[in-house]
Amino acid sequence: MQGRGRARRARGLEWLAERMIAAVAASVVVALVLVLAFVAREALPVLADAGGIARLRELFAPSGEDGSFAWQPVGHPPKLDVVPLFVGSLKITAIALAVAVPVALAAALFVSEVAGPRTRRVLKPAVELLAGVPSVVLGLLALTLVAPAIQRALHLTYPANALVAGLALSLAVAPIVFSVAEDALAAVPRALREASHALGACRWQTALLVVVPAAAPGVTAAIVLGFGRAIGETMIVLMTSGNAAVVDASPTSGARTITATIAAELGETERSGEHWHVLFLLGLLLVTFTLLTDWAGRIVARWLARRRGEARGGTP
Amino acid sequence: MRSASSRPALLLLLMALLGWACTSAAGREGSDAVRIVVRGSDTMVTLAQRWAEVYGDAHGIVVEVSGGGSGTGIAALANGTADVATASRRMTEEERAHIERDRGPLEERVVAIDAVVIYVNEDNPLGAVSLAEVAAIYRGRTTRWGELGGDDEPIAAYSRENSSGTYAFFKEHVLGWHDLAPHVQCLPGTAAVVRAVASDRHAMGYGGLATASGVRILPLRLADDTLSQPTREAVRAGAYPLARPLYVYVLAAAPDAVRWFVDWTTSSDAQGLTERAGFFPTGDA
């Protein structure tokens, strides 16, 4: 009799625990949806007010005095061309990824395939610790050490530019790419490596021709995460990019990112003015772009996994 | 079994104690200390902090000062997150209408006179510059020092962020509301501009007279070829073209403690601090 009561209580508690965990998980999704809804609500008046789609097209058209793009929200009239901000964000992100991804992947490969257990125990936490350095500290280091050195070496007009920002940002991105890639590489079953060795491949051949392709979905996820981190970074780029809204392919010119613009300008903007709505529109576009990239990355990862599965006769 | 069941109870007790400690601290601060929140101009932030220290100590209240730019201060006043807004530019008609519609009539006080000056590096040999030349540099028309008689090196022009009252003043009075060139880099705060100019021989910047340390201030060449320096005499005589009043804004409906503070800023004690901070007292307007 006592046993049945205890069992019923245990089942009841388990039911409660499951519901609570489900509620917490749901709240995360609800929070994400609410964030998007709030940003969208503040951004939509740009379209809803006089002009609609035409206004959106105006935002992407140059309105500078000499036909170039101008982001001059304080002025008579205010000029709100968003193209330089997109170019700035993408340029700095590209530089950061170009530096961080090869380095992080090489480090991940080293730690998972080559390093002995003692080296691995030291190196893995050390790289992951780098992810804990506050971005404002990275910005400070870049501004005081890296920027003057690069300015002297390349004879640049300004110490702050997209290159310095990209390099500083790569320090923040690399640990994330490293962590996820290393986990993906380590998760490749030992059987694959052993089979490769049994067929006569050396360690490097195994690593590059067997393990990396097998871990391709995870490695793709790592790069996508790195991209998301890079394009969303605010503090580092605010301090080191020079905040010049230039449309330029050169890495040594200044840049102004969407994130730094929102951070620097939102505080001064009159609530519900056009500038306010455009800043929210920028935020919405940034979030949408990041989500789309994440989704595309997931599709690529799944396709790679499926292709690998098919190549090996369907074994997952 | 006993230890397992008492752990959640202990945790709850700890959280309750923590919550009680936090709320009681907040309550104490709210009931005993009056708090005035001042936000706005980076040009005026050091001055406002000095005022805050002296006035706060004398009257036993807490005056919180932060910068962020004149635009930020005005927006904070409009949003209700600040009691007093400091601004290095006059509030626009739209901003005033917006605040008075939402929060009632506004009071504007001139609390100091400032001179916006053009900085160059101490090693820069340039003697003087005209406003037209400065405008040409910041509009991107003039890009090398050679065009002004110096060595043939690119000019690294720095500006304040567009939330700054100094930026708005510069854009209106020097550029005539034309666009700044896109390559001009925007730094957050006058101190950052001064630092950038002090560390680069080919840099130029602009900002308030008070924060100009470690850089050379360029005299302005006027239309009749005379040179105008940002001195008290020149400002008083109206001979320096970039002199500007510094403003403090407060709601007419603000609590007495706030309004007494604002009144005090134009008193002789406060104006003494104003002069020591590198500004000119309002008597010179």
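Numbers restart at 1 for each chain; the letters A, B, ... are given by sequence-line order, proteins then strands.
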For this session: Indicate yes or no: at least one non-hydrogen side-chain atom of B:K171 is less than 4.5 angstrom from one of A:Q72.
Result: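 B:K171 vs A:Q72: side chains touch.
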Under 4.5 Å from a heavy atom of chain A, the part of [X] involved:
X	value
B:D200	side chain
B:R139	side chain
B:P154	both
B:A156	both
B:I99	neither
B:N79	side chain
B:A157	both

Problem set entry | Closest-packed option against chain B by number of heavy-atom pairs under 4.5 Å, given A:N161, A:V247, A:N243 |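 Heavy-atom pair counts peak at A:N243.
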Exercise. In terms of heavy-atom pairs under 4.5 Å, which option from A:D66, A:V74, A:L266, A:L156 contacts chain B the most?
Worked result: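 That would be A:V74.
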Can you tell which part of [X] gets under 4.5 Å to a heavy atom of chain B, answering side chain, backbone, both or neither?
X	value
A:A264	both
A:A160	both
A:T157	both

Problem set entry | When B:G68, B:G40, B:G73, B:A75 are compared by non-hydrogen pairs under 4.5 Å with chain A, the top option |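 So the answer, after comparing B:G68, B:G40, B:G73, B:A75, is B:A75.
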Exercise. Between B:H98, B:E172, B:R39, B:H202, which has the largest tally of heavy atom pairs under 4.5 Å with chain A?
Worked result: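 So the answer, after comparing B:H98, B:E172, B:R39, B:H202, is B:H98.
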Problem set entry | Pair A:S241-B:Q185, side chain to side chain contact (heavy atoms under 4.5 Å, CB included): steps then yes or no | CA-CA 9 Å; A:S241 65; B:Q185 294 203 345; over 6 Å; no
Can you measure from [atom1] ([X]) to [atom2] ([Y]) and round to the nearest 0.5 angstrom?
X	Y	atom1	atom2	value
B:H178	A:H76	NE2	NE2	13.0 Å
B:S163	A:H275	OG	NE2	9.5 Å
B:L187	A:M239	CG	CE	11.5 Å

Exercise. Distance-only, no hydrogens or angles: does the A:E65 side chain make a donor-acceptor pair with backbone N or O of B:D179 under 3.5 Å?
Worked result: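 Side chain of A:E65 to backbone of B:D179: a pair is present.
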Exercise. Where does the angle between the aromatic ring planes of A:Y158 and B:H183 fall among parallel (under 30°), tilted (30 to 60°) and perpendicular (over 60°)?
Worked result: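 The rings of A:Y158 and B:H183 sit tilted, inter-plane angle from 30° to 60°.
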For this session: Please report the shortest heavy-atom distance between B:P182 and A:A244, naming the atom on each side.
Result: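 Nearest pair, atom of B:P182 first, then A:A244: O-CB, 3.3 Å.
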